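Everything below concerns the one structure shown next.
Proteins come first, then strands; the chains are lettered A, B, ... in the order of their sequence lines, and each starts at number 1. These numbers were taken from a predicted model, which means no experiment stands behind them.
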Protein chains: 2
Amino acid sequence: MHKENDLTKNQQIIFDLIDKSPEPLKAYSILFNVQKKGIKAPLQVYRALDKLVEMGKIHKIESRNAFIACQNSSCQVSKATAFSICEMCEKITEISSSSLSKYLANFKDKDGMKYSKYNLEFFGLCKKCR
Amino acid sequence: MHKENDLTKNQQIIFDLIDKSPEPLKAYSILFNVQKKGIKAPLQVYRALDKLVEMGKIHKIESRNAFIACQNSSCQVSKATAFSICEMCEKITEISSSSLSKYLANFKDKDGMKYSKYNLEFFGLCKKCR
DNA sequence: AAGTTAATGTTATAATATAACACTATGTAA
DNA sequence: TTACATAGTGTTATATTATAACATTAACTT
Ligand SMILES: [Zn+2]
Ligand SMILES: [Zn+2]
Ligand SMILES: [Zn+2]
Ligand SMILES: [Zn+2]
């Protein structure tokens, strides 16, 4: 029987690394960190990252080309993500606000179109850096 | 006297190209297109792009590494941008909705923090592709 | 067991972006 | 007008991010 959320070996290694990291990780920094576990080539990393993103276990911070573990279980279905990014210290936090997600999921553009998939990145200074 | 919004030669060439384009342009496609005008190296393109983004004349579509002319004059101050992206045909439109921009500018995260700078990318199917 | 699909390993290469340094143009102020 | 400061340019080299192509192996389905 197929378990929907079982990770393969490479996926698990890479997910564990990202999940433990206090900050988003870049693909080649992931590669460097997992070479001792036998993952030698960029493609092995990118393939695992693609799947993990697809599953919603991690998200890509597009403006930083970096990957962060999902901090909020609902993204596994929605692919609707929001982050705050500190422009001083680069601290990145996933925002989990039901009012925000409701507002965005119900937002209609001028053609009346709604979008269930989106990515929002807020920029500013975090608590410490203010 | 310094005119705040005068573009330099390279900036003007590159802005004109992007502004005329019906679709977002990537840096190396820009480079290819302006080589006949004497812009020969990636850095010349990236430097102009950086300035144009800073001025708000163009925006970067982060999930596509592509650049689009601002379709809405207010961004020149705010750096608060929103786009809809068709996942079928890649048509990209800048969203100009005062209710959306008000909502996002007033959004407070769980620390009570507000953000005047953000980038939002909606994904779905455009009118034609539905 | 045979067929199918998903994941892996590997080499090579494409696409995106920046570092460093010398030089030029433009604006400001003695 | 000369000196100074600042912003933009040209150029070469290189760093960083991501994918193509192909052979192989593992896992699931019938
Ligand atoms: Zn999430
Ligand atoms: Zn900070
Ligand atoms: Zn704009
Ligand atoms: Zn479309």
Taking only side-chain nitrogens and oxygens of Lys60(A), does any of them come within less than 4.0 Å of OP1 or OP2 of dA18(D)? yes

When rounded to whole Å, the CG to C1' distance for the pair Leu49(B) and dG8(D) reads 15 Å

Nucleotide N/O of nucleotides 10-14 of chain D paired with protein N/O under 3.5 Å:
| unit_1 | atom_1 | unit_2 | atom_2 | d |
| --- | --- | --- | --- | --- |
| dG10(D) | OP2 | Asn10(B) | ND2 | 3.0 |
| dG10(D) | OP2 | Gln44(B) | NE2 | 2.5 |
| dG10(D) | O5' | Gln44(B) | NE2 | 3.4 |
| dG10(D) | N7 | Arg47(B) | NH2 | 2.5 |
| dG10(D) | O6 | Arg47(B) | NH1 | 3.0 |
| dG10(D) | O6 | Arg47(B) | NH2 | 3.3 |

Ile13(B) CD1 to dG8(D) P, in whole Å, measures 15 Å

When rounded to whole Å, the CD to C1' distance for the pair Gln12(B) and dG8(D) reads 15 Å

Here the distance between atom C1' of dA25(C) and atom CG of Asp6(B), to the nearest Å, is 14 Å

query = Is there a donor in the side chain of Glu121(A) and an acceptor in the side chain of Ser63(A), or the other way round, less than 3.5 Å apart?
reply = yes

- Query: Between dA7(D) and Thr8(B), is there an OP1 or OP2 to side-chain N/O distance shorter than 4.0 Å?
  - Reply: no

Quick check on the hydrophobic clustering: are Ile18(B) and Ile61(B) connected, directly or via other members, by side-chain heavy-atom contacts under 4.5 Å? no

Measuring to OP1 and OP2 of dT16(C), would you say a side-chain N or O of Asn65(A) lies under 4.0 angstrom away? no

(message) According to a hydrophobic-cluster definition based on side-chain heavy atoms being under 4.5 Å apart (Ile, Leu, Val, Met, Phe, Trp, Tyr only), do Tyr28(A) and Leu52(A) belong together?
(response) yes

Check your understanding: Passes side-chain hydrogen bond (donor to acceptor under 3.5 Å, both in side chains), Gln12(B) versus Asn10(B)? Steps please.
Key -> CA-CA 5 Å; Gln12(B) 190 70 57; Asn10(B) 288 0; over 6 Å; no

Checklist entry - Does the side chain of Tyr46(B) get closer than 4.0 angstrom to OP1 or OP2 of dA17(C) through an N or O atom? => result yes

Rounded to whole Å, the CE-P distance (Met55(A) to dA6(C)) equals 12 Å

ring-ring contact (aromatic ring centres under 6.0 Å, His included) for Tyr118(B) and Phe107(B)? Distances and angles first, verdict last. CA-CA 11 Å; Tyr118(B) 57 81; Phe107(B) 174 78; over 10 Å; no

Here the distance between atom P of dG8(D) and atom CG of Leu52(B), to the nearest Å, is 11 Å

Rounded to whole Å, the CG-P distance (Leu31(A) to dT10(C)) equals 13 Å

Review point. Are Ile68(A) and Ile58(A) joined in one hydrophobic group, where the rule is that I, L, V, M, F, W and Y side chains link up if heavy atoms are under 4.5 Å apart?
Key: no

Taken in chain and number order and not counting sequence neighbours, the residues that satisfy ring-ring contact (aromatic ring centres under 6.0 Å, His included) with Phe83(A) are His59(A)

Separation of dT17(D) atom P from Ile61(A) atom CD1, nearest Å, is 14 Å

Walking DNA chain D from its 5' end, the first of Lys26(A) and Gln11(B) to be reached, judged by nearest nucleotide, is Gln11(B)

